[in-house]
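These notes concern the structure reproduced below.
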Amino acid sequence: MSHRFNSRGRLNSFGRFNREEQMQSSASGYGRPYSQRPRHPPGLKGKEIGLFYRNLNREKKKEQPTLRLSPHIEQKIKTILNNSKSFYSSIFDERCNSEYDDKYQHIHDSQFKRKFLEIINGNIEHNLVKAISMEVKLQRNSNMDTILLNEYKDKQIQDNYLNMLKFRQKLPVYHKKSEILQLIKDNQVIVISGETGCGKTTQIAQFILDDQLEAGNGSITRIICTQPRRISAISVAERVAAERTEKLGKSVGYQIRLEKIPTREQGSILFCTTGILLQIMKTDPALKDFSHVILDEIHERTTESDFIITLLKQVIPKRTDLKILLMSATLNSERFSKYYNECPMIHIPGFTYPVQEFYLEDVLSLIQFRFPEAESTVYRKYGKAQRERYKEKVHKKEDFFDIIQPYIQQLRAEVKYAEHVLSELRNPNSENLSLELIEKLVRYICNNKQPGAILIFLPGMMDISQLNKMMLESGCYPPNKYIIYPLHSRMPTIDQKLIFKEPPDDIRKIIIATSIAETSITIEDVVYVIDCGKTKLGRFDIAHNIQTLNPEWVSLANAKQRRGRAGRVKSGECYHLYSKAREMTFDQYPLPEMLRTRLEEVILQIKMLQLGKAKEFLASIMDPPDLKAIDLSLNLLRTLNALDEEEHLTPLGYHLAHLPLDPRTGKMILWAALFSCVEPIFAIAASLTFKDAFYCPLGKEEEANKKKLELSMGEYSDHIALAEALRRFEVARRRGNAGQFCREYFLSFNTLKLLSEMKIQFAQYLYEMKFLNSDNPGDKNANRNSNNVALIKTIVCAGLYPNIAVIRRASKNGIFSWTPEDGSVRTHPSSVNCKASNFPSQYLTYFTKQRSTAIYLHDTTCISIPILLFTGPNISIKREKGKYIINNFNLSENIICESQTAEVIQELQHALNCLLEYKITHPATVLWSSFEGQILNAIIELISQEDREMGYNKEDIYYSSD
DNA sequence: GAGCACTGC
C-alpha cells in the first residue's frame, strides 16, 4: 500500500493558525518564528546596548500568549483518560513499588519477557559455556570427508583450475603457504601482515580449506573471513569462487546486509562484512559453526573490527579448537600481536610497481608558482568562538615555523633547491590547499609526461567542484584530448563504467576524487597521483559534545595508499603537495574509529552480548575510548530511556539494541509501528542512519535543491522529502520508470533500492517481535495513519528528541537557530529549510548537527508546539506566579499554559508514556477500537490537521493573549 | 553557501 501525504491540513494545524493571528496582534512571542532582529536605537554604547536587548527580551516574555484548549476537546480527552486510567495505574503503581529484582514483575510471562530477562541477567562467560555444550553443525562425517576430498582431487586435473593455479602460484603469498599452515597448526591466533598485491585476501582462506580437505577434515572445516566493505566481500568471494572453478554457493559464498549467497555448511569459506560477523556473534558468541575466523584489513581500525578483536579474546579460552587469523597491513601489525599475548606474526612482501615520489619542494622546483602572501590582518577577537579560532591560527603558525625552519636550513646546506623554492616553503600559506597549484601541476604533467591517467586527491566536495570548474574554464583541457571525472560518494558518476576503462589513445583521463579512491574505488590505469595531503575527517569533540568534520593532514598509511594508486599497472609517479618536513609530523595511522565517534551503538552491543559495564569492557579494547566520551553516550542512552540508572538495558533499550539502526531512529520505527504509519517513518529512519539518496550533481546544485524542495511538499521538512523520495521511487519502480524518476530528481537508484530493502528488514524484525501483524512494510494495518503529516513529524521529533532548535532569525545566508548546548547554529545549505521563510512554527528538530566551517543542522523538520508537547519524555508543567509553565525543552522560552489545559496535556502525556511503556514490554499491535486506540487518536487529533473532519474546527485549540 | 569514508542475521 502506498501512502500519500496530505498537505491541506497544515493550513489549519494550530501552529500555523497561531502564527497568523499573532502576526496581527503582537510583534513578538511564538507567533513570530523569526523576524528581522530589532535593532537598538543609534547612539547607544557598550553596556547600554546590552541593557536595551535585555529589556526587549523581558517585554517579549510578558507578551507571551497562553496556550488553551477549548472546553469541548478538553472534555473529550478527559473522558478517554478516565476510561483507561484504572488499567494503567494498576500496572504502573505495581511497578513503581517493587524492588529492582522484581522491577519487571508486572510484565506478563511472554517470549519477550523471557528473552529480555535473559539478556539483562546473563553474562558472556555463562553463554559461552552453554553455547559450547550445545550440538554443533560442524560434526565429523567421514563419508562427507571422502566426498569432499574426491571432489578436490577431481579439480586438480581440470585445465581451467590449473590455469588459475598457475596465476595463484605467482602471488608472493604462495611462497609462504606451508609456513602459514604450520603456524596455524601450532597456534590458536596468528597475525599475518602483508601489503597490497601480496594475495593474502584471496589465498589464505583457500590454503586452509584445501589443506583440510586433503587431510580428510572437510566436514569439520568452515572458514569465515571478514571484509570491511560490502563491495570487497562480494568481489573477493567472486574471485575465490572463480579460482576454484566453481559458482558461488558451493564451497565459497558471501553475506552482507540484505544480500547473501550461502555456502554448504561444511568444507566452505564464507566472506562477509565485519558487521555480519558481529551479528552472528550476538546469537552464537562461541562461533560454534566455524573452525577458522579470518579478520582482514584490521589495520583500518573500524569500530566493528576493534570490537570483534576484543570480544574474541574472551572466546578463545573457551573454544580452544577455534583458529583466529588477524590480517593487517605491515605498519602496525606488531600491536595486534602484542594485544594477543605476543602471538606469532608472519610477513608477506607485497608486489606493486615502483612509484617515484615528489614533495612540495620538488613540485615548486618543477613549476613556477607563488603562494599568496601571508595575511597580516588583525583578527576580530570578540566572542568565545572567535577568540578560540584566533588562538588556533596563532598556534598553527608557530607549529609551522618550528617544523619548517630547521628543514629549510638543512635544505640550504644541501644546496639541492633554489632559493625561491625555499622562500615559498617558508610561506605559511604553502600549507593551505591551493587549487591553482594543482591545476598548474596537472598542466605540467599533461605537457611533459608520458600518457597515463592522473588521479588527484582532494579533501571534499567543494574542492572537487571548484577544481573541475577551474579546469573546464581554463580552456586547457579540450574534450578531444582530456576527459575529467569528479569522484565523490555524493556525486552521480555520469557513466559508471567509463571511469574504469582505459580511454582512447590520444585522450588523457583525469580523476578528481576524495579519499574514496584510496580503498573503495580502484582505477587500474592510473600512472600519476597528485596528493594534496589532506582529507576531511569526522571526529567527536568530547569537550563540546559535538561531531565535527574538518580537513586534516592525512596519516602515513593514507599517503602510502595514495601513492600506491599510481603503481598498479606500471611504474608511476606521485606528487605530494606537502613538504618532507610536514610529512614527518604525520601520524602512522588514522585515529581508530572508536576514538572518533559517539559510542551509543557500541554500548548497546556490549549490553546485547552481556559483556558487563560499558567502561570495563571498553577499557579492554586496544585503544580504549575516553571515559568522558563513554559518559556522554551513557547519558544520552539514559535520556532516551534505553538504559536505566544501573546501566541495565530497559525494555526499550532491548529493542533498540536489536535493530540495525541508531537508537534514536530505532525509537522512531517502534513508535511508527504503534501509531501505524510505518512506510514514511521507515523510509526516514533508513535514510538517516544509512545514507540519503540525494545527489549533489556538479553545476546543477540549485536544480537539485529545487527538486528536493518539491519533494518536501511545502512541509518545511527534509525528513518528509526523504520519505516522499522513497515513496515516489517505489511507485515509479512498479511502473518501470524508476530510472527516469531518479534522473529527474537527482536521486541515487542504488541507494533508494537499498533503502527500500531496509524497510523490509525493519518490518521483519517488528513482525517477529509482534509489533506488526505482517512483515510487509506496505501492509494496510501498519499504515492507517501514514497519510498524516503532523503525525509523521511528531514521530520523527519523538525519535530525535532532545534535538530541538529554535529559529531565531533569517538572513540571506540562511536560517540562524539556537540550541541550548551550542547557542547559535545554522541550517545546512542542502536543507529545504535553509532558504525558507514564513515558517509555521519556530521549532526545528534535527538528526545531524556537525561543526565544520560553522555549526550546521543538516536535516531539519519544522514542528509545532503541540508536537513538541508529546515528544519529550517527561514534560513537566509547573505552576509559577499563578501561571502554568511548560518547560523541559531546555529551550529559552517557556510556554505558558492555562491550568485546565496544562492538566489535560500532562495527563494525556502520562497516558501516552504508560501506553508506550506497556506496549514495549508487551509487544503487540495497538487495538484501535479499544482505549489504546482512543488515547492515540486523541493525541493524533490534537497534533494533526484532521481536527475538522473529527468534528472540531480550528477554534478548538488556540492561543489567547492574557 | 556546503556533507571524508564505511557498516548492520
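Predicted model, so just to flag it, every value in this text is computed and none were measured. Within every chain, numbering begins at 1; the chains are lettered A, B, ... in the order of the sequence lines, protein sequences first and strands thereafter.
- Among the heavy atoms of the strands lying under 4.0 Å from R229(A) are primed sugar atoms or P, OP1, OP2 only; no base atom is included.
- In this structure, R596(A) is not positioned above the aromatic face of F540(A) in the sense of NZ or CZ being under 6.0 Å from the six-membered ring centre and within 45° of the axis.
- For a distance-only test at 3.5 Å, the side chain of E702(A) qualifies as a donor-acceptor partner of the base of dG1(B).
- You'll find that the side chain of M462(A) is closest to dA2(B), out of dA2(B), dA5(B), dG8(B).
- The residue D284(A) sits apart from the nucleic acid: no heavy atom pair falls under 4.0 Å.
- Listed candidates were dC4(B), dG8(B), dG1(B). Nearest to the side chain of P660(A) is dG8(B).
- Remark: the E600(A) side chain and the S633(A) side chain contain an N/O donor-acceptor pair separated by less than 3.5 Å.
- In this structure, C696(A) reaches the bases: a heavy-atom distance under 4.0 Å links it to at least one base atom across the strands shown.
- For the pair L537(A) CG and dG3(B) P, the interatomic distance rounds to 14 Å; values are reported in whole Å.
- Taking the centre and axis of the six-membered ring of F682(A), the NZ or CZ atom of K759(A) falls outside the cone set by 45° and 6.0 Å.
- Following rounding to the nearest Å, N558(A) (CG) and dC6(B) (C1') show an atom-to-atom distance of 14 Å.
- For K835(A), the side-chain atoms get nearest to dG1(B) when compared with the rest of dC4(B), dG1(B), dG8(B).
- Within the nucleic acid shown, I280(A) has no heavy atom closer than 4.0 Å to any nucleic acid atom.
- N127(A) and Q610(A) are linked by a side-chain donor-acceptor pair at a separation below 3.5 angstrom, with hydrogens and angles left out of the test.
- At the heavy-atom level, K534(A) lies nowhere under 4.0 Å from the strands shown.
- Note: CG (D859(A)) to P (dG3(B)) measures 14 Å, nearest angstrom.
- In this structure, of dC9(B), dC6(B), dG8(B), it is dC6(B) that holds the atom nearest to the side chain of S489(A).
- For E701(A) against dG1(B), no side-chain N or O and base N or O form a donor-acceptor pair under 3.5 Å.
- Sequence order on DNA chain B of the closest nucleotides to Q850(A) and D662(A) puts Q850(A) first from the 5' end.
- For S520(A), the listed nucleotide lying nearest its side chain is dC6(B); candidates were dC9(B), dC4(B), dC6(B).
- Of the candidates dA2(B), dG8(B), dC4(B), dC4(B) carries the atom nearest the K536(A) side chain, counting heavy atoms from C-beta on.
- Rounded to an integer number of Å, the gap from CG of L755(A) to C1' of dT7(B) is 14 Å.
- One side chain, D531(A) or H576(A), offers a donor N or O that lies under 3.5 Å from an acceptor on the other.
- Among the nucleotides dA5(B), dT7(B), dG1(B), the one closest to the side chain of Y856(A) is dG1(B).
- Residue Q761(A) is in sugar-phosphate contact alone, with no base atom involved, counting any heavy-atom pair closer than 4.0 Å across all strands shown.
- At the heavy-atom level, I256(A) lies under 4.0 Å from the strands shown only through sugar-phosphate atoms.
- Residue contacts shown for D463(A) are absent, as no nucleic acid heavy atom lies under 4.0 Å away.
- Note on S465(A): nothing from the nucleic acid sits closer than 4.0 angstrom, heavy atoms only.
- Within 4.0 Å of T273(A), counting heavy atoms only, lie sugar-phosphate atoms of the nucleic acid but no base atom.
- For the pair T535(A) and Q605(A), both in contact range of DNA chain B, the more 5′-proximal nearest nucleotide belongs to T535(A).
- A donor and an acceptor atom, one from each side chain of S305(A) and T302(A), are located under 3.5 Å apart.
- Here S852(A) lies in heavy-atom contact (under 4.0 Å) with sugar-phosphate atoms only.
- Residue contacts for T302(A): at a heavy-atom cut-off of 4.0 Å it reaches no nucleic acid atom on any strand shown.
- The side chain of F690(A) approaches dT7(B) more closely than any other nucleotide in the set dG3(B), dG8(B), dT7(B).
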